[in-house]
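Here the structure comes first, spelled out in structure tokens, and everything after it is commentary.
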Amino acid sequence: MHDIKWIRENAEAFDAGLARRGLDAAAASVLDVDARYRAAQTQVQVAKNRRNQVSKEIGAAKGRGEGADGLVAKVGELKDLIRNGEQEERRLSAEIEELLSPLPNLPADDVPDGLDETANLEVRRVGQLPRFDFNVRDHVDIGEALDMMDFESAARISGARFVVLKDGLARLERGLTNFMLDIQTEEFGYQETKPPSLVRDAAAYGTGQLPKFAEDLFHTDDGYWLIPTAEVPLTNLVRGRILAEDDLPIRRTAYTSCYRSEAGAAGKDTRGMIRQHEFTKVEMVTIAHPDYSDDELEFMTKCAEIILQRLGLAYRVVVLSCGDMGFSARKTYDIEVWLPGQDTYREISSCSNCGDFQARRMQARFRPKGESKGTRFVHTLNGSGLAVGRTLIAVLENYQRSDGSVVIPEALRPYMGGREVIRAAD
RNA sequence: GGAGGGGUGGCCGAGUGGUCGAAGGCGCGCGCUUGGAGAGCGCGUGUACGCUUGCGUACCGUGGGUUCGAAUCCCACCCCCUCCGCCA
């Protein structure tokens, strides 16, 4: 949600930011409603002021045992004015909300211009690409040959975009999860958290999924939304709160299932485990002091990268262009892992600084130290550390051998009961 | 599913029609005290919006209503908790 006061004072910058997102100017129409809203508000306030004064006089008169009919009639005249004014005020306020709530966050200054992924900028490349002296297979061929990845069975029970993992690969998913969580908690200080996977409207609104992206989410008959990412519950842990400055930063990590309808992705990535309705992810969320959120984004991105480095996986980091960023983000780094089976880099983590955009929606603030009055909105950040399913894909494709077996990265072996290789009938 | 209780400021907790933005406590801030810290004492301390530099308005879960006037009375809704039943 945008700050209407800021828009008043920076209308041009606001429209310029929207333009970078590929959106039409909105300041003029918003400010027009805003002006009418404030006029109505002032009118109501003046009327209420008079009503309150006269009411006090009535109370005083009655206290003295005097009649007050004239005064009562006077207030009666104000009632309609107040009632209608309040109605108008509410209507205009809702109109402003309707205009603002579908608008995405404005890009940070250092975000590259451009409306899609072709304008993303590569920031760095890390790690050696693996070489193979045989024909590489993708994770589907590898997993099915091992008899540990079963899309047919998944389709039988759940339909398309689901998978059943078995034996070594089921264990690999669990091992990767624990590996990631241990690093994020023990080395980087993220507080391990186990949040609900079902949330209410208010939470989905707070992080920006609602009202605009309802069709991307699964929801239940009784009004819950299945989380598309642990960002939703983790970030909303501070919804409606006023924190102490010393509480910041709050760094949390959670392993959850994530549910996405993939409504707009029909026919995209239909093969394999890349794009599923349900997948697991270790997520990082930071509630940060606004003065330090930029640094925090760099830190968070590093925390994701180090997982890949420990696993010996090659990757690159790109900064997303204005138009490719998610709704709530003001700056986003995507980390893309090298997938030999696809001969390309694919997104495995996305780390975003949302500034105060979500905090406004959530009313999440802190009290600046040394000041007894006033609050500031916190900044919120989220990032994958990492998407577990895609990490599993990366391990399979990067560590495959010609005989169909897969070497387990050394750092992961303690999490795999000491095993060094995954092979068929293992 | 059945029965009951409850939502008040950063937190706890008073308050059943005007003098209530709201007692008291905790926390926080400043000061005194101290070698320093703590304790103690004193003063201060809600949020947001509008107009203006001092006022005004709103907010006691949300939305309506009654009333000259509502935290307080009425209606609807939302949420939380307890007990019983059922269940992972």
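Proteins come first, then strands; the chains are lettered A, B, ... in the order of their sequence lines, and each starts at number 1.
- The CD atom of A:Gln45 sits 12 Å away from the P atom of B:rU52 (whole-angstrom rounding).
- The side chain of A:Asn49 contributes no N or O atom lying less than 4.0 Å from OP1 or OP2 of B:rG56.
- Rounded to whole angstrom, the span from the CE atom of A:Met362 across to the P atom of B:rU47 amounts to 19 Å.
- The phosphate of B:rG56 (OP1 or OP2) has no side-chain N or O of A:Asn52 nearer than 4.0 angstrom.
- Of the side-chain N and O atoms in A:Lys56, none sit less than 4.0 angstrom from OP1 or OP2 of B:rC68.
- Looking at A:Arg21 and A:Asp113, no side-chain N of the basic residue comes within less than 4.0 Å of a carboxylate O on the acidic one, giving no salt bridge.
- Listed pair A:Arg38 / B:rC51 meets the phosphate criterion, a side-chain N or O lying under 4.0 Å from OP1 or OP2.
- Closest to the A:Ser55 side chain, of the nucleotides B:rG18, B:rU67, B:rU57, is B:rG18.
- Residues A:His379 and A:Phe357 keep their aromatic ring centres 6.0 Å or farther apart.
- Put simply, A:Arg376 has no side-chain N or O that comes within less than 4.0 Å of OP1 or OP2 on B:rU47.
- RNA chain B is contacted by A:Arg200 of residues 198-213 of chain A, taking any non-hydrogen atom closer than 4.0 Å.
- The distance from the CZ atom of A:Phe213 to the CZ atom of A:Arg260 is 12.5 Å, given to the nearest 0.5 Å.
- Contacts of A:Arg50 with the nucleic acid, taken as non-hydrogen atoms under 4.0 Å apart, are absent.
- Whole-Å rounding puts the A:Arg239 CZ to B:rG10 C1' distance at 17 Å.
- Across A:Glu88 and A:Ala40, no two heavy atoms sit closer than the pair CG-CB, 4.1 Å.
- Rounded to whole angstrom, the span from the CD atom of A:Gln53 across to the P atom of B:rC55 amounts to 14 Å.
- In this structure, A:Arg83 places its CZ atom 9 Å from P of B:rU67, rounding to the nearest Å.
- As judged by a 4.0 angstrom heavy-atom cut-off over every strand, A:Arg8 is placed among residues touching the sugar-phosphate backbone only.
- Within 4.0 Å (heavy atoms only), A:Arg51 reaches sugar-phosphate atoms of the nucleic acid but no base atom.
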### Secondary structure string for RNA chain B (Watson-Crick or G-U under 3.5 angstrom, | for other-strand pairs)
((((((((.[[[..)..(.....]]]((((((.......))))))((((((..)))))).[[[[[..)....]]]]])))))))....

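- For B:rA48, one of the phosphate oxygens OP1 or OP2 lies less than 4.0 angstrom from a side-chain nitrogen or oxygen of A:Arg365.
- The phosphate of B:rG50 (OP1 or OP2) has no side-chain N or O of A:Arg36 nearer than 4.0 angstrom.
- Using P as the reference atom, B:rC12 and B:rG7 are 12 Å apart when rounded to the nearest Å.
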